[in-house]
Amino acid sequence: MSKSIEGAIECPFYLEEGKSFIKCEGVLSGTICTHSFNNDNEKHNYETTVCSVFGGKRCAHHRAVAILYDKGVRA
């Protein structure tokens, strides 16, 4: 069963989430980046205020990965 937050996530680099982590496409080709939070509330707050608005563009990790696509390093 899909988690309700996953329907709200706008970031194209988001992959999945767990109790206190979010997994995203990594900066290095073929990798996954795991962002760990102190607790589920901090993670949920990040997902609702960063991952789920403006396509995730408020996130520093989003900006790092997006640059690779913008420069044609990643397709």
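Placement of Val73 and Ile67 in two distinct hydrophobic clusters is found when ILVMFWY residues are connected by side-chain heavy-atom separations under 4.5 Å, directly or transitively.
A salt bridge (charged side-chain N to carboxylate O under 4.0 Å, His left out) check over residues 29-39, counting only residues at least two apart or in different chains, returns nothing. Applying the salt bridge (charged side-chain N to carboxylate O under 4.0 Å, His left out) test to every pair with at least one member in residues 64-75, sequence neighbours left out, gives these pairs: Glu25-Arg74. Residue pairs satisfying the side chain to side chain donor-acceptor pair (under 3.5 Å) criterion with at least one member in residues 49-61, sequence neighbours excluded, are absent.
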Check: residues 28-38 side-chain donor-acceptor pairs under 3.5 Å, at least two apart:
| residue | atom | partner | partner atom | Å |
| --- | --- | --- | --- | --- |
| Thr31 | OG1 | Leu28 | O | 2.6 |
| Asn38 | ND2 | Glu42 | OE1 | 3.4 |

Review item, side-chain donor-acceptor pairs of residues 11-21, under 3.5 Å, at least two apart:
| residue | atom | partner | partner atom | Å |
| --- | --- | --- | --- | --- |
| Tyr14 | OH | Glu6 | OE2 | 3.0 |
| Tyr14 | OH | Glu17 | N | 3.3 |
| Glu17 | OE1 | Lys43 | NZ | 2.1 |

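Residues Val53 and Thr48 come closest through the heavy atom pair CG1-O, 4.0 Å.
Annotation: ring pair (Phe, Tyr, Trp, His ring centres under 6.0 Å) contacts of His44 (sequence neighbours excluded): none.
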